[in-house]
Amino acid sequence: MTYDIHVIGGGLAGSEAAWQLAEAGLKVRLSEMRGGADTTPAHHGGDLAELVCSNSFRSDDATSNAVGLLHQEMRALGSIIMAKGDVHAVPAGSALAVDRDGFSGGVTAALAAHPNITIVRERIDTLPDGPAIIATGPLTAPSLAGGIGAATGAEALAFFDAIAPIVHRESIDLEVAWFQSRWNKGTGKDYINCPMNKDQYLAFHQALIDGEKTEFREWEKDTPYFDGCMPVEVMAERGVDTLRFGPMKGVGLDDPRTGRWPYAVVQLRQDNAAGTLWNIVGFQTKLKYAEQIRIFRTIPGLEKAEFARLGGLHRNTFIRSPELLDTTLRLKSRPNLRFAGQITGCEGYIESAAIGLLAGRFAAAELTGKTIAPPPVETALGALLGHITGLAEAETYQPMNVNFGLFPPIPGRTKKADRKKMYTDRAREALPGWINSLPPGPPPVPQPAPAVPADNPAEPADA
């Protein structure tokens, strides 16, 4: 088999990188260990770009949200992840959520059908000598992780990423729960809401603290959590009101039985196109399975809940990218290698895919004898890339979602209400010039109608 570049890892970043390379006319070997003899503690199937923590790509509002702006920029660059995300979207207010199986199946089919991509189900244990993109994600196989450690000369960092439970829709009691988006945004009925009064909330809060949790291995005990995927019981330990002002906030939700906002609320978001599965928003957990069933069935409306998947916990690893990678994601000590996705320390599905897109574009240009500059730092792509490749402090580097805090500040005094639109307007002015400087790639993905502002700002980043 002859190929121009080897992409290792078939998650969102690897799939996006392979697509960008193939559309630029390069032959790609895409290696994915799942679907062969191997798997990971978090994955369940063998499709590429499998979603294991959430079905949500978060806000699709490109006017006032950095994530929505990133969506828009990726569509402009022909992202396969955004194309299949749009095709397999399910109702989620102003967010972009997708049918998990349909989305992953769509990405897999598109890559398998591309004449320039060869998908090989194999585990790679050593780093290649030729051009390659390492997109093995946060669950890199130990043998390859050892090779990465040897090549980087620095210890990998790690954090825990917890998975939220999924409930069968038919087991939810809609005599108690009701459909409504916060402030009636989106369709107004994109979430199922389970209300709690004060006594119910306090009892639930105590149950989370007292519930039996998964025990850590000795080598896992000092691993930090990423704040965007904080387990619900860890949030509970931070204070009695932490959940009530976070994922269980009742503001903007009118209980039809009382006409008032509940003291606290548990929200569920549609998880598949058929609407038969619903994800408990913000309820990533390391509670043991029996404890999850016992405690979560005390939630009003979920007393008879049947769980399609219970929550879980897996260990994620990433490299100290600001120290190790150059501005085009090449490993400084071995420039034939680029890194992409969560292993670089970006956090979130869409951020991982975005870095895969950039790695593919950079590699395609280099292999065809061209040079391209990184995207402008005023764009979402440029701001995220800049954080990963040098703007963050290497010694304290932690996973980060895209956010306006990564962008260069808006000069002068501005009203807070106007600042977000100023960021996105500035980004849209900066992006076209950079795109016009690029070698040919995939055609743009059609931009959907503008999303309404995010209706659930307190929702965890990738819950």
Side-chain angles (χ1 to χ4, degrees), residues 4-5 7 9-28 30 48-49 57 60 62 67-89 96 98 102-117 119 133 135 328-329 338 340-341 346 348-368 370-376 379-385 402 424 427-428 430-451:
D4 298 307
I5 186 167
V7 177
L12 276 76
S15 296
E16 186 66 67
W19 181 259
Q20 296 289 327
L21 287 157
E23 286 286 282
L26 295 160
K27 298 290 185 182
V28 182
L30 176 58
L48 304 177
F57 289 164
D60 205 32
V67 181
L69 177 65
L70 186 60
H71 291 177
Q72 187 178 71
E73 294 178 0
M74 292 173 66
R75 290 184 179 108
L77 288 159
S79 164
I80 187 66
I81 296 302
M82 293 309 303
K84 297 306 175 184
D86 290 341
V87 168
H88 296 283
L96 173 60
V98 302
F103 167 77
S104 298
V107 173
T108 303
L111 269 62
H114 201 292
N116 288 340
I117 298 175
I119 301 171
I133 294 175
T328 66
L329 298 164
R338 279 184 167 84
C346 66
Y349 285 135
I350 208 63
E351 288 88 341
S352 296
I355 297 303
L357 186 156
L358 290 174
R361 287 286 181 134
F362 290 141
E366 183 176 10
L367 291 169
T368 54
K370 301 176 180 66
T371 301
I372 60 174
T379 65
L381 285 164
L384 182 62
L385 179 68
V402 67
T424 58
R428 275 187 285 276
L431 186 67
W434 181 71
I435 290 180
N436 291 337
S437 74
L438 302 178
V445 176
Q447 298 285 348

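Note: hydrogens, waters and symmetry copies are ignored here, and every other heavy atom, side chains too, is used.
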*Asks:* Could you work out, with ring-ring contact (aromatic ring centres under 6.0 Å, His included) as the rule, every residue matching His114, not counting sequence neighbours?
*Replies:* Trp19

*Asks:* If only atom types and distance count, is the side chain of Arg428 paired as donor or acceptor with the main-chain N or O of Ala62 below 3.5 Å?
*Replies:* yes

*Asks:* Nearest heavy-atom pair of Ala364 and Leu21: which atoms, and what distance?
*Replies:* N-CD2, 3.6 Å

*Asks:* Of all heavy-atom pairs between Leu30 and Gly9, which one has the smallest distance, and what is that distance?
*Replies:* CD1-O, 3.5 Å

*Asks:* Is the closest side-chain heavy-atom distance between Ile81 and Phe103 below 4.5 Å?
*Replies:* yes

*Asks:* Hey, which of Asn116, Val28, Ile117 is the one that makes side chain to side chain contact (heavy atoms under 4.5 Å, CB included) with Leu111?
*Replies:* Ile117

*Asks:* Any side-chain to backbone donor/acceptor pair from Glu351 onto Val402? Under 3.5 Å, distance only.
*Replies:* yes

*Asks:* Looking only at the side chains, is there a donor atom on one of Ser79 and Arg75 sitting less than 3.5 Å from an acceptor on the other?
*Replies:* no

*Asks:* Within the 4.5 Å heavy-atom criterion, are Tyr349 and Val98 side-chain neighbours or not?
*Replies:* no

*Asks:* So do Leu385 and Leu329 actually touch side chain to side chain, heavy atoms under 4.5 Å?
*Replies:* yes

*Asks:* Closest heavy-atom contact between Ala49 and Ser104?
*Replies:* O-OG, 2.9 Å

*Asks:* Please report the interatomic distance OG1(Thr424) to CG(Leu70), rounded to the nearest 0.5 Å.
*Replies:* 13.0 Å

*Asks:* With a 3.5 Å distance limit and no angle check, can you tell me whether Arg361 reaches the backbone of Leu438 through a side-chain donor-acceptor pair?
*Replies:* no

*Asks:* Go through the steps for Ile372 and Thr328 under the test side-chain contact (heavy atoms from CB on, under 4.5 Å), then give the verdict.
*Replies:* CA-CA 9 Å; Ile372 60 174; Thr328 66; over 6 Å; no

*Asks:* Name all residues meeting the side-chain hydrogen bond (donor to acceptor under 3.5 Å, both in side chains) criterion together with Glu73; count only those two or more places apart in sequence or in a different chain, and write none if there are none.
*Replies:* none

*Asks:* Please name the pair of heavy atoms, one in Ala340 and one in Gly356, separated by the smallest distance, quoted to 0.1 Å.
*Replies:* CB-CA, 3.8 Å

*Asks:* Would you name the heavy atoms of Glu23 and Pro443 that are closest together and state the gap between them?
*Replies:* OE1-CD, 3.7 Å

*Asks:* Between CD of Glu366 and CD1 of Ile5, what distance do you get to the nearest 0.5 Å?
*Replies:* 8.5 Å

*Asks:* If I take atom CD1 from residue Ile355 and atom CD1 from residue Ile133, how far apart are they, to the nearest 0.5 angstrom?
*Replies:* 11.5 Å

*Asks:* What's the shortest heavy-atom distance between Asp60 and Pro448, and which atoms?
*Replies:* OD2-CG, 3.8 Å

*Asks:* Under the salt bridge (Lys or Arg N to Asp or Glu O under 4.0 Å) test, which residues partner Asp4, sequence neighbours left out?
*Replies:* none

*Asks:* So how far is it from Met74 CE to Ile80 CD1, rounded to the nearest 0.5 Å?
*Replies:* 11.0 Å

*Asks:* With a 3.5 Å distance limit and no angle check, can you tell me whether Ser437 reaches the backbone of Trp434 through a side-chain donor-acceptor pair?
*Replies:* yes

*Asks:* State the CG-CD distance between Leu77 and Gln72, to the nearest 0.5 angstrom.
*Replies:* 11.0 Å

*Asks:* Would the distance check show the side chain of His71 and the main-chain N or O of Phe57 forming a donor-acceptor pair, the cut-off being under 3.5 Å?
*Replies:* yes

*Asks:* Can you find a pair of side-chain heavy atoms, one from Leu96 and one from Asp86, that are under 4.5 Å apart?
*Replies:* yes

*Asks:* Gln20 side chain to Gly441 main-chain N or O, any donor-acceptor pair under 3.5 Å?
*Replies:* no

*Asks:* When rounded to the nearest 0.5 angstrom, what distance separates OG1 in Thr379 from CG in Leu384?
*Replies:* 9.5 Å

